[in-house]
**Q** 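Below you will find the structure I want to go over with you.
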There are 2 protein chains.
Amino acid sequence: MPEDVFKALADPTRRHILDELADRNGQSLFEIRARLATKHGLGMSRQAISQHLAVLEAAELVRTRRQGRYKFHDLNTAPLERIATRWLRTDAAEDTQ
Amino acid sequence: MPEDVFKALADPTRRHILDELADRNGQSLFEIRARLATKHGLGMSRQAISQHLAVLEAAELVRTRRQGRYKFHDLNTAPLERIATRWLRTDAAEDTQ
DNA sequence: TTGTCAGGCAAGCCGTCACTTGCTTATTGT
DNA sequence: ACAATAAGCAAGTGACGGCTTGCCTGACAA
């Protein structure tokens, strides 16, 4: 259910993960963890990032594909296109009773 | 610092408030409370909605104008236009937190 | 003035969330 | 087979967020 998109975007760490995947798609968990540490100064545990990725995957913002013992994560921007346009219908906003 | 936009959008009640303001702009606190109760079945206290409006105002998603003892709330969609396009572009405009 | 109405301030309760720690599973290399 | 690597599962903790309750301020009307 794509109402979790807002909840998924609420955390700054998850937004940084999306930034990293937007920069380079198809990263594994350890790659994301390494890049978050070096480029964003976020020294978090592996499980922390794993849980963040689970939230992003539940919100369908990240798609995963398994390959052996690796699990690669791909950014999916489809849910993002809907959320902003929800309130951007500013045509009849000046309707006072 | 309108990176609180994501946090403001995380709550479903606040999204309903934005829906109401998108439908009819310039409502007061009691008007919003009445419409949330009737149209969304949300029977919340006045302070609850007041705190939600404070969060929305801090995120600059809602602008307010005082008029006597009334305080009218107007929807401001400017912060919304940035959040989706953050990941819809190829190059990363990464900063913020 | 007094009473009522719209809104604000502050403390507290309670659930959710982010993160950790520990253990387990599955895949690959030697 | 064994060890190392990539990831998953689960319980526990600390903090933050949403909502309530109670009291207070300011604005209008009789």
Side-chain angles (χ1 to χ4, degrees), chain A residues 1 3-21 24-37 40-59 61-74 96-97, chain B residues 1-21 24-37 40-59 61-74 97:
Chain A
M1 34 184 152
E3 276 292 315
D4 301 326
V5 178
F6 299 99
K7 189 189 68 178
L9 292 175
D11 188 81
T13 302
R14 285 196 286 267
R15 296 197 295 270
H16 285 134
I17 291 177
L18 294 182
D19 289 336
E20 275 308 310
L21 290 179
R24 181 148 71 95
N25 220 10
Q27 297 187 63
S28 71
L29 172 58
F30 276 74
E31 289 176 303
I32 295 173
R33 173 173 143 90
R35 289 172 75 113
L36 284 180
H40 298 274
L42 298 177
M44 299 172 27
S45 70
R46 174 183 58 87
Q47 286 78 359
I49 302 177
S50 178
Q51 290 165 4
H52 282 307
L53 287 172
V55 174
L56 291 172
E57 192 176 358
L61 285 166
V62 164
R63 290 207 183 99
T64 59
R65 48 189 163 91
R66 272 222 114 122
Q67 191 168 342
R69 57 177 165 181
Y70 297 97
K71 185 178 183 182
F72 298 113
H73 302 76
D74 298 289
T96 57
Q97 75 172 150
Chain B
M1 39 201 84
E3 275 295 319
D4 303 325
V5 179
F6 298 99
K7 191 187 66 178
L9 291 176
D11 188 80
T13 302
R14 286 196 285 269
R15 296 197 294 271
H16 285 135
I17 291 177
L18 294 182
D19 288 335
E20 276 307 309
L21 290 180
R24 182 149 70 99
N25 220 8
Q27 297 187 62
S28 71
L29 172 59
F30 276 74
E31 289 175 303
I32 294 173
R33 173 172 144 88
R35 289 172 74 114
L36 285 180
H40 298 274
L42 298 176
M44 299 173 25
S45 69
R46 175 182 58 87
Q47 286 80 357
I49 302 177
S50 178
Q51 288 165 6
H52 281 307
L53 287 172
V55 174
L56 291 171
E57 192 176 359
L61 285 166
V62 164
R63 290 206 183 99
T64 59
R65 46 189 164 92
R66 283 208 99 117
Q67 191 168 342
R69 57 178 165 179
Y70 297 96
K71 186 179 182 182
F72 299 113
H73 302 77
D74 298 288
Q97 188 211 352

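Bear in mind that the values here come from a model prediction, so they are computed numbers and not experimental data. Note on naming: letters A, B, ... go to the chains in the order of the sequence lines (proteins, then strands), and numbering restarts at 1 for each one.
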**Q** Nearest whole Å is fine: how far is D:dG8 C1' from A:Tyr70 OH?
**A** 17 Å
**Q** Assess the residue pair A:Val55 and A:Arg14 against the criterion (side-chain contact (heavy atoms from CB on, under 4.5 Å)); give the C-alpha distance rounded to whole Å, side-chain angles, the decisive distance to 0.1 Å, and a yes or no.
**A** CA-CA 9 Å; A:Val55 174; A:Arg14 285 196 286 267; 3.8 Å; yes
**Q** Please determine whether a side-chain nitrogen or oxygen atom of B:Ser45 lies at a distance below 4.0 Å from atom OP1 or OP2 of D:dC19.
**A** no
**Q** Go through D:dC19, C:dC5, C:dC19 for me and flag the one nearest to the B:His52 side chain.
**A**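 Closest of the options to the side chain of B:His52: D:dC19.
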**Q** Between B:Arg33 (CZ) and D:dT20 (P), how many Å, whole number?
**A** 9 Å
**Q** Taking it one step at a time, do B:Ile32 and B:Leu21 satisfy side-chain contact (heavy atoms from CB on, under 4.5 Å)?
**A** CA-CA 8 Å; B:Ile32 294 173; B:Leu21 290 180; 4.1 Å; yes
**Q** Tell me whether the side-chain N/O atoms of B:Lys71 come closer than 4.0 Å to OP1 or OP2 in D:dG26.
**A**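 For D:dG26, OP1/OP2 do not have a side-chain N/O of B:Lys71 under 4.0 Å.
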**Q** Mark yes or no for a side-chain to base donor-acceptor pair under 3.5 Å between B:Arg46 and C:dA6, with no hydrogen or angle criteria applied.
**A**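 No such pair is found, so the answer is no.
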**Q** Identify which nucleotide among D:dC28, C:dT20, D:dG17 has an atom closest to any side-chain atom of B:Lys7, counting heavy atoms from C-beta outward.
**A**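 My answer, after comparing the listed nucleotides, is D:dG17.
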**Q** Need to verify one output field. Residue with the more 5' nearest nucleotide on DNA chain C, A:Gly68 or A:Thr13?
**A**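 Going by which nucleotide is closer to the 5' end, it is A:Thr13.
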**Q** Please classify the nucleic acid contact of B:Arg14 as base, sugar-phosphate, or nothing, using heavy-atom distances under 4.0 Å.
**A** sugar-phosphate
**Q** To the nearest angstrom, how far is B:Met44 atom CE from D:dT21 atom C1'?
**A** 15 Å
**Q** Quickly work out the A:Phe6 CZ to C:dC17 P distance and round it to whole Å.
**A**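 Rounded to the whole Å, the gap is 16 Å.
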**Q** For a quick test of reading the model, state the closest non-hydrogen atom pair linking A:His16 to A:Leu42 and the distance between them.
**A** ND1-CD1, 3.8 Å
**Q** Can you find a side chain N or O atom of A:Ser50 that sits less than 4.0 Å from OP1 or OP2 on D:dG8?
**A** yes
**Q** Atom CD of B:Gln51 and atom C1' of D:dG22: how far apart are they, to the nearest Å?
**A** 13 Å
**Q** Report yes if a donor N or O on one partner sits less than 3.5 Å from an acceptor N or O on the other, where the partners are the side chain of B:Gln47 and the base of D:dG22; otherwise report no.
**A**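 By the distance-only test, yes, there is a pair.
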**Q** Round to a whole Å and report the spacing from CG of B:Leu29 to P of D:dC19.
**A**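 About 14 Å, once rounded to whole Å.
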**Q** Do A:Gln67 and C:dT27 share a donor-acceptor pair, side chain to base, under 3.5 Å?
**A**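 Side chain to base: no pair below 3.5 Å.
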**Q** Please check if the side chain of A:Arg63 supplies one atom and the backbone of A:His73 the other of a donor-acceptor pair under 3.5 Å.
**A**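 No; judged by distance alone, with no hydrogens or angles, the pair does not exist.
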**Q** So how far is it from A:Leu61 CG to A:Leu18 CG, rounded to the nearest 0.5 Å?
**A** 6.0 Å
**Q** What is the separation between atom CG on A:Leu9 and atom P on C:dC17, rounded to the nearest whole Å?
**A**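 A:Leu9 atom CG is separated from C:dC17 atom P by 15 Å.
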**Q** Separation of A:Ile32 atom CD1 from D:dA6 atom P, in whole Å?
**A**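 Interatomic distance, CD1 of A:Ile32 to P of D:dA6: 13 Å.
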